[in-house]
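Below is one structure, written out as structure tokens; comments come after it.
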Amino acid sequence: MADPKKLARVLRVRTLQLGLAHADEARARAAHQQEAALSSRIALLADEVAPAPVGAAGFSLAAAAHYRERLHRSAETAANRVRSAEADAERAAAATRAAKRDQGAVEKLIERGMADAALREIRALRETPPVRKIRHDPC
């Protein structure tokens, strides 16, 4: 069986790794939320620049078309960033699950080692010869 001190050190490292994985996952989720919010704001702006049945000069229609085209390109870029953020969040969640699994495995090894040590102590106590005390009656 592995050394208890070594297992305790590995457990501390795995616990730190789990905390870092949780932090990375939280950052990835926050980035995903920010990208989704940006995408929705761009969509709202694109809807506001949409053509309206109002008699307007040709230059204002051309300017609106130009801004609408730029907003659509920005919306495509934002959608790609949202997909990328989703993928990052999934990778972070997978890393968190792996860190939890690793930490659980080390905890089980420690528990198994403690149980084995207790069983060895019990067996050692059973195998010791009985100690017979000689009692003298008060004289």
Measure the [atom1]-[atom2] distance between [X] and [Y] for me, rounded to the nearest 0.5 Å.
X      : Y      : atom1 : atom2 : value
Asp24  : His22  : CG    : NE2   : 11.0 Å
Leu20  : Thr15  : CG    : OG1   : 11.0 Å
Arg29  : Glu90  : CZ    : CD    : 9.0 Å
Lys100 : Glu107 : NZ    : CD    : 12.0 Å
Arg101 : Leu18  : CZ    : CG    : 12.0 Å

Going hydrophobic residue to hydrophobic residue with side-chain gaps under 4.5 angstrom, can you get from Met114 over to Leu11?
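Yes: a chain of side-chain contacts under 4.5 Å links Met114 to Leu11.
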Results of side chain to side chain donor-acceptor pair (under 3.5 Å) for Thr96 - residues two or more places apart only:
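In terms of side chain to side chain donor-acceptor pair (under 3.5 Å), with neighbours along the sequence ignored, Thr96 is linked to Glu25.
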For the student: nearest non-hydrogen atoms of [X] and [Y], plus distance:
X     : Y     : value
Ser39 : Val82 : CB-CG2, 4.1 Å
Ala28 : Ala89 : CB-CA, 3.6 Å
Ile42 : Ala78 : CD1-CB, 4.0 Å

According to salt bridge (charged side-chain N to carboxylate O under 4.0 Å, His left out), does anything in residues 72-86 pair up with another residue at least two apart or in another chain? List the pairs.
Glu35-Arg81, Glu69-Arg73
